[in-house]
Amino acid sequence: MKFLKNFIINIFFIFLSIFSTLIVCELALRIKHSIVPNYDIEMWKYAKKLKQKDFNSKIGHTHIKNKSAILQNVEIEINNHGQRDIYLNNTILRKYEKRFLILGSSIALGWGVSNENTFTNILNNISKSNDNNWIFVNGGIGNYNTERYINNYFKNWKQLEFTDLVVQFFVNDTEIILPNKTNIFTQHTHLGVVTWRLFNSYKASLKKENIIEYYKKKYDDNYLGFQVAKAELTNLKKYCDIKKINCVVVLMPDIHKLSPYNLSFINKKISALTKELKISYLDLLPAFQNIEENMLWNKYQDPHPNSYGHKIIAKEIYNYLNK
């Protein structure tokens, strides 16, 4: 009986020690991340504060309307349509001769960049300075691919009277996005997020596949993700033709290895695809190739372009549209 009692007491203190250690680690991480933002934690907060589940599996999630949050030391404010932009309706849009909606993922959203420095807002400023009665609206949503941003447009935004759609296509837009598997630990703690990230980094380090091999698979004609992206772009083109909406695909390169750029096979693939579908196409790679990569990177180990990168994107898009 005494042995059992001692055993229970020992187990209790072991669990108490483990629990206390976890609490101390969690508090330490929260203090650290409040001083120096952590990219994965900020993305986690983005999902908790500004995203809501969409039960259409082709969309996955949307922005919560009329909500804002400070993420990575930048305010992201969502409007009445779930866009990082001003309040909008068709009465406002009809005041403009040309009305552009930007579709895309977190680069289009302007992750890590203040609203005034996003390429969408810069495009609005350039248009005003050149006396063009144009408006550009930011429809970027983080963790989207081609399937998601096109289906979100059809479900939630096609009633808005845009004259032009700009698809800001990124190299990972053919990836298949699976539903996130979460638990209480990863849903509610910094320690859970950091542990999850380390575990996934370790798994990735065990794979021999490099980035070139990885993306060659993602752009193979037989890969489901590429087939889905092609089908969605086809649907978008058909809709635009019926509604007399102009459509352009703008390909954004991976800015972390520009010289030499080893993913140019993607540029050729998307160029051929847009030609086949008769969609206008702008390749941003030439505009970035003569720039040092680290001049384009965001802070906090963030893989997204900074405000300088957004200026380049805006300039290239405006020059293309204004030809």
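Classified by interplanar angle (parallel below 30°, tilted 30° to 60°, perpendicular above 60°), the ring pair His61/Tyr144 is tilted. Using a 30° and 60° split on the angle between ring planes, Tyr318 and Trp134 fall in the tilted class, from 30° to 60°.
Counting heavy atoms of neighbouring residues, nucleotides and ligands inside a 6.0 Å radius, atom NZ of Lys128 does not exceed 12 of them. By the neighbour-count criterion of 12 heavy atoms within 6.0 Å, atom NZ of Lys48 is densely surrounded, having more than that number from other residues, nucleotides or ligands. Summarising the local packing, CG of Asn294 is surrounded by more than 12 heavy atoms from other residues, nucleotides or ligands at distances under 6.0 Å.
Using a 4.0 Å cut-off between a side-chain N of Lys or Arg and a carboxylate O of Asp or Glu, Asp241 and Lys237 qualify as a salt bridge. The pair Lys216-Glu213 does not meet the salt-bridge criterion, since no charged nitrogen lies less than 4.0 angstrom from a carboxylate oxygen. A salt bridge is defined here as a Lys NZ or Arg NE, NH1 or NH2 lying under 4.0 Å from an Asp or Glu carboxylate O, and Glu161 with Arg94 meets this definition.
For the pairing with Phe136, the ring-ring contact (aromatic ring centres under 6.0 Å, His included) check across Tyr96, Phe100, Phe162 returns one residue only, Phe100.
In this structure, Asn151 contributes its side chain and Glu147 its backbone to a donor-acceptor pair below 3.5 Å.
No side-chain donor-acceptor contact under 3.5 Å links Tyr153 and Glu232.
Contact check for Gln52 versus Thr62: side-chain heavy atoms found under the 4.5 Å cut-off.
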